[in-house]
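What you see below is based on every heavy atom in this structure, not just the backbone, and it leaves out hydrogens, waters and symmetry mates. Sequential numbering from 1 along the given sequence is applied to the chain's residues. Quick caveat, the model's predicted, so the values are computed rather than measured.
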Amino acid sequence: MPKMKTNCSAKKRFTLTASGKIKRKHAFKSHILTKKSTKRKRNLTYFGAVSKSDQKNVKLMLNML
């Protein structure tokens, strides 16, 4: 039986924390930044956690199940 391949786009976008949560970056931080407030841009800088409903799909893409 062949090995399962990891989804390369998911490998670049998600990281696993020590407690088992999945870290992700926020969207809307790449361009058209002039109309966004400083507070909004600053809050988009920090990492977020993948929601409970999406965790199973992300783990499937990363071959962690």
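Pairs passing the side-chain hydrogen bond (donor to acceptor under 3.5 Å, both in side chains) check and including a residue from residues 48-57, sequence neighbours excluded, read S51-S53, S51-D54.
For the atom pair CE (M4) and CE (M61), the distance works out to 12.0 Å, reported to the nearest 0.5 Å. Atom-to-atom distance recorded for T34:OG1 and K41:NZ is 7.5 Å, nearest 0.5 angstrom. Within the model, atoms CG of L62 and CG of L16 stand 8.0 Å from one another, a figure rounded to the nearest 0.5 Å.
Residue R24 qualifies as enclosed at atom CZ: its count of foreign heavy atoms under 6.0 Å is above 12.
K25 is not listed as a side-chain neighbour of K23, based on a closest heavy-atom distance of 4.5 Å or more.
The hydrophobic clustering, which links ILVMFWY residues whose side-chain heavy atoms are closer than 4.5 Å, places V50 and M64 together.
The two residues T6 and N63 make their nearest non-hydrogen contact at N-ND2, 3.3 Å. Residue I22 comes nearest to F14 through the heavy atom pair CG2-CB, 3.8 Å, listed as atom of the first residue, atom of the second, then distance.
Looking at residues two or more places apart in sequence or on another chain, you find a side-chain contact (heavy atoms from CB on, under 4.5 Å) between K21 and T17, S19.
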